[in-house]
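Below is one structure; the comments refer to it alone.
Values in this document were obtained by computation on a predicted structure and should not be read as measured data.
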Amino acid sequence: MSDSKSRVHFRVMKYIHESGMKLHLHSIPIATASTIYHKFFRENDLNTYDPFLIGATSLSLACKIEEENVRLRDIINVCYRTLHKNKAPLEIGDQFWALRESIASCELFLLRALQFTVVFDHPHKYLCHYLKALSDWFEPQQWERYPIANTAWAFLQDSYHSDLCLDFQSKHIAISVLYLALLCHGLEVPFHKYARKKWWQVFSKDVTLETIQTITTKIMDMYSAENQLPR
Amino acid sequence: MPKSEESSYPFCPDEGKYEKLAKIGQGTFGEVFKARDKKTKTVVAMKKVLMENEKEGFPITALREIKILQVLKNDNIVNLLEICRIKATPYNRYKSTVYLVFEFCEHDLAGLLSNPQVKFSLAEIKKVMQQLLNGLYYIHSNKILHRDMKAANILITKAGKLKLADFGLARAFSDKLNRYTNRVVTLWYRPPELLLGERNYGPAIDLWGAGCIMAEMWTRSPIMQGNTEQHQLTLISQLCGSIVPETWPGVEKLELFSKIELPKGQKRKVKERLHGYVKDQYALDLLDKLLSLDPSKRVNSDDALNHDFFWVDPLPQDLNHMLSRYNKSMFEYLAPPRRRAPINQPPQAPGVVRPAGHNPDQHFERIF
């Protein structure tokens with residue numbers, strides 16, 4: 001993917017996440033919206049479609065898929081406000097109705113592009129299980145001193161700014177963000193050096209250190225890409 | 001806007017791939033057709049997704065049905081093959097239509113029951129109920145409520161396999177406190193807790209429907225054909241006894257309990273009333289447990305499957321032999337209306353005449 005293209009996608013992802021936060025969405029609908037968006041642009045050309053319309057529609061579709069009760073009206077207002085920070089809030093009028101119609105008909109279009117596959121296997125649930133299992137390995141005081149769960153969760157949410165969710169297994173992504181979180185806090189799983197089996201092999205038989213490092217590198221690259229964005 | 005019509009990307013297939021053979025039903029949110037794949041000649045059922053309220057985009061009920069069917073893969077659940085659509089053209093005022101394409105099943109239970117020539121032996125009824133409860137067990141363990149149990153939504157293939165169909169009202173449920181809409185389930189199969197306004201309901205609502213369907217295997221027509229919600233509750237009380245806190249603790253807290261008129265002093269007569277049709281003691285006992293007023297006391301699908309009814313002679317017997325005698329599809333939609341009187345039709349109040357062809361479906365309301 002060219003640099004300019006990935007910059008556009010990064011901006012749209014920020015817009016999806018920011019709008020999602022303002023709408024008080026949970027992590028899963030935001031992850032679903034991001035996955036839909038990435039899937040769509042994996043197959044379709046950025047010059048043909050307005051990425052912000054696709055982004056807003058991904059959000060509205062994700063809310064329906066994940067049973068998050070949000071009105072289309074609110075999605076439009078919040079997305080508009082996120083995109084046009086310096087303009088006055090959207091009034092009910094021709095522009096509002098035009099936006100609403102675009103999103104409503106774009107939903108079916110996106111569904112067709114997804115070939116109606118609306119079930120997503122996100123890394124979140126695996127991460128929860130892994131965190132629970134790992135927490136039992138650590139000394140309670142040591143585990144409580146570091147916000148491992150929060151850090152790993154934040155890495156996971158941020159990872160959607162890139163399209164790595166399309167290229168790697170959910171289990172592997174969950175292991176990688178956990179690996180990165182432990183690394184950041186300078187923690188080592190007890191007896192890691194002496195164990196014949198590494199902790200990640202316990203969680204997933206087919207994960208290799210190489211895969212983990214590829215994923216973590218991608219996540220780190222994404223953060224440096226953010227620093228290069230014009231402010 | 002995206003130029004959706006010229007896209008080359010492999011979007012979902014076009015409806016032109018199939019030729020329609022006949023209309024076979026009216027689902028909760030659209031018509032159902034029998035159709036044939038022009039190339040492979042496979043016969044399928046196509047269900048049209050109504051896009052009435054385009055203001056909110058793609059209907060969430062249809063999305064739920066699609067999502068649920070993608071997750072549920074079981075022998076006793078209808079199999080979704082693919083989704084296709086009709087292109088938007090000037091002829092349909094630029095409105096695109098979507099079809100869900102299912103594996104074709106030859107009969108539905110309502111159609112079979114309305115044909116007096118089709119006779120089920122006790123062993124065959126056991127097989128029907130066993131497959132039905134097995135389907136319910138599977139969807140409930142996947143945390144899904146069907147919310148539209150009725151004989152017309154129970155499909156049966158000519159090989160005798162039963163499939164739960166029409167997940168148009170289905171949704172996921174959780175064990176925490178919920179506020180779902182209670183305007184679900186066709187009136188005649190609607191359990192008392194929904195009629196009394198309960199919004200935090202669970203799998204037990206589908207088991208009430210299973211009880212109604214089970215009784216129907218013998219009575220051949222729906223056992224409680226109410227005209228209104230009030231009337232339905234009256235019929236339920238006449239069969240299952242008065243709805244009072246003594247038999248159903250907590251019922252007084254339901255929203256409509258004090259607002260609706262409930263017959264007093266009725267005794268529970270499930271076994272007595274059905275005895276004229278159902279001779280088998282085990283069947284009567286299971287029916288009694290399925291038609292329990294209090295949803296917390298209603299038998300669940302797991303316990304129902306372990307009931308002696310299924311484990312004493314005659315054991316459940318496959319339907320393929322019995323069904324092989326019929327080479328014509330039987331669907332409720334195509335059958336003449338079932339006219340046999342329901343078992344506890346009360347003397348009708350003057351002026352309250354059930355309109356011919358009355359469709360209890362009209363009590364539905366879109367969830368969004």
At what distance, to the nearest 0.5 angstrom, does CD1 of B/Ile83 lie from CG of A/Leu111?
8.0 Å
Any side-chain heavy-atom pair from A/Glu67 and B/Arg171 closer than 4.5 angstrom?
yes
If you count every heavy atom of other residues, nucleotides or ligands that lies below 6.0 Å from A/Lys218 atom NZ, does the total exceed 12?
no
Take atom CZ in A/Arg11; do more than 12 heavy atoms of anything else shown fall under 6.0 Å from it?
no
Counting heavy atoms not belonging to A/His26, are there more than 12 under 6.0 Å from its NE2?
no
More than 12 heavy atoms from other groups under 6.0 Å of OH on B/Tyr137:
no
Verify the neighbour count for atom NZ of A/Lys125: are there more than 12 heavy atoms of other residues, nucleotides or ligands below 6.0 Å?
yes
For A/Arg71, does the CZ atom have more than 12 heavy-atom neighbours from other residues, nucleotides or ligands under 6.0 Å away?
no
How long is the span from the CG atom in B/Leu63 to the SG atom in A/Cys63, to the nearest 0.5 Å?
11.5 Å
Would you say the side chain of A/Leu110 lies within less than 4.5 Å of the side chain of B/Phe58, judging by non-hydrogen atoms?
no
Count the heavy atoms belonging to other residues, nucleotides or ligands that lie under 6.0 Å from CG of A/Asp94, then report whether that count exceeds 12.
no
Chain A neighbours within residues 67-74 of chain B, where any heavy atom lies under 4.5 Å away
B/Lys67, B/Gln70, B/Val71
For A/Lys132, does the NZ atom sit with more than 12 other heavy atoms under 6.0 Å from it, leaving out its own atoms?
no
Can you tell me how far apart CD1 (B/Ile66) and OG1 (A/Thr117) are? Round to the nearest 0.5 Å.
10.0 Å
Mind checking the CG-CZ spacing from A/Leu108 to B/Arg85? Nearest 0.5 Å is all I need.
7.0 Å
